[in-house]
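Here the structure is a predicted model, which means the values were calculated and not measured. If you read the sequence from its start, that first residue is 1, and numbering goes on from there.
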Amino acid sequence: LAMPSFRDMLRNAEVRNAAESFTNGLQRARAEAVARNANVEFVLVAGTSWVVRVVSAPNPPIESRSSSEGSRNVTVTAVGADLVTPATTVTFTNFGGVTANTPASESLRQVDLTADGATQSLRVTIGVGGNARMCDPSLVAGSSPRAC
């Protein structure tokens, strides 16, 4: 009797884990850009995997995360500023703001995370100023601080 609700709880935890990971990775990339006084990019690799690295060559990863780390059942939809065009990369400047990607590509602005069997979906948004925010798209705007 408790198995379906336990499975839902596990899937919701995976969605939250992935959303927190994206938010932390974006914040790390922004902080590294300011600390290194250089452009730093956050790149979605596959699934919920991501890499933070300096844009200039050689660019070994500063930090990375594999999708097998607690969120392999999560589905990611990443889009640019128009909320339609798929995007995988956002580049932060030495002031912490967002700039054009090198080479030119759509800059990542929103990541939606869901999982089969989960009752919760989450969204991570990236503002023009570089701030990353996690929110719940199912809540009505203005009804809660967690609403998108």
Side-chain angles (χ1 to χ4, degrees), residues 8 10-148:
D8 293 352
L10 289 176
R11 293 292 186 257
N12 288 341
E14 286 186 54
V15 170
R16 182 154 200 78
N17 185 24
E20 287 175 350
S21 170
F22 282 130
T23 304
N24 292 339
L26 289 161
Q27 290 170 343
R28 174 71 190 267
R30 186 180 188 201
E32 287 291 332
V34 172
R36 292 172 185 250
N37 196 28
N39 287 354
V40 173
E41 60 186 5
F42 173 90
V43 182
L44 293 175
V45 182
T48 58
S49 299
W50 52 262
V51 174
V52 172
R53 62 184 178 213
V54 177
V55 173
S56 59
N59 56 356
I62 296 168
E63 186 173 346
S64 62
R65 180 188 188 271
S66 169
S67 61
S68 64
E69 294 177 30
S71 56
R72 67 176 55 134
N73 296 309
V74 174
T75 302
V76 174
T77 305
V79 293
D82 63 2
L83 304 180
V84 175
T85 307
T88 59
T89 305
V90 61
T91 303
F92 295 96
T93 68
N94 59 332
F95 291 113
V98 174
T99 189
N101 295 329
T102 306
S105 64
E106 185 70 25
S107 187
L108 179 65
R109 290 290 190 251
Q110 180 176 297
V111 180
D112 288 322
L113 302 118
T114 59
D116 287 338
T119 57
Q120 178 183 41
S121 62
L122 291 173
R123 176 175 291 157
V124 176
T125 59
I126 302 128
V128 177
N131 58 318
R133 179 176 182 265
M134 182 173 51
C135 60
D136 188 342
S138 67
L139 297 174
V140 177
S143 66
S144 168
R146 295 183 307 122
C148 292

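Residue Val54 comes nearest to Asn59 through the heavy atom pair O-CB, 2.7 Å, listed as atom of the first residue, atom of the second, then distance. For the residue pair Ala147 and Val140, the shortest heavy atom distance occurs at CB-O, 3.4 Å. The nearest pair of heavy atoms linking Asp136 to Ser121 is OD1-O, 3.4 Å. For the residue pair Val15 and Ala118, the shortest heavy atom distance occurs at CG2-CB, 4.2 Å. Here the closest heavy-atom approach between residue Val74 and residue Leu113 is recorded as CG1-CD2, 3.8 Å. Nearest heavy-atom pair across Gly25 and Trp50 is CA-CH2, 3.5 Å.
To the nearest 0.5 Å, the span separating OG on Ser49 from CG on Leu44 amounts to 9.0 Å. Atom CZ of Arg53 sits about 10.5 Å away from atom OG of Ser64, to the nearest 0.5 Å. Atoms CD and CZ, on Gln120 and Arg16 in that order, are 6.0 Å from each other to the nearest 0.5 Å. Within the model, atoms CZ of Arg146 and CZ of Arg133 stand 10.5 Å from one another, a figure rounded to the nearest 0.5 Å. Distance check, rounded to the nearest 0.5 Å: CD of Glu41 to OG1 of Thr99 gives 12.0 Å. Remark: Arg11 CZ to Thr114 OG1 distance equals 12.0 Å, nearest 0.5 Å.
Remark: side-chain polar atoms of Asn39 are not paired, donor with acceptor, to backbone N or O of Val55 under 3.5 angstrom. Proximity of a side-chain donor or acceptor of Ser21 to a complementary backbone N or O of Asn17 within less than 3.5 Å is not detected. Side-chain atoms of Glu106 never come within 3.5 Å of backbone atoms of Thr85 as a donor-acceptor pair (strictly under, hydrogens ignored). Here the side chain of Asn94 pairs no donor or acceptor atom with the backbone of Arg36 at under 3.5 angstrom. Between the Thr89 side chain and the Val43 main chain, no donor and acceptor come within less than 3.5 Å of each other. One N or O on the side chain of Arg30 and one on the backbone of Gly96 form a donor-acceptor pair closer than 3.5 Å.
With hydrogens and angles left out, the side-chain atoms of Asn12 and Thr119 include a donor and acceptor closer than 3.5 Å. Ser107 and Arg109 form a side-chain donor-acceptor contact under 3.5 Å, judged by distance and modelled atom types alone.
Within the 4.5 Å cutoff, no side-chain heavy atoms of Phe42 are placed close to those of Ile126.
Open room surrounds CZ on Arg72; 12 or fewer heavy atoms of other groups in view lie less than 6.0 Å from it. Atom CG of Asp116 has 12 or fewer heavy atoms from other residues, nucleotides or ligands within 6.0 Å.
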Residues Leu26, Phe92; criterion side-chain contact (heavy atoms from CB on, under 4.5 Å); working and verdict: CA-CA 9 Å; Leu26 289 161; Phe92 295 96; 4.1 Å; yes

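In this view, Asn24 satisfies the side chain to side chain donor-acceptor pair (under 3.5 Å) rule with no residue, not counting sequence neighbours.
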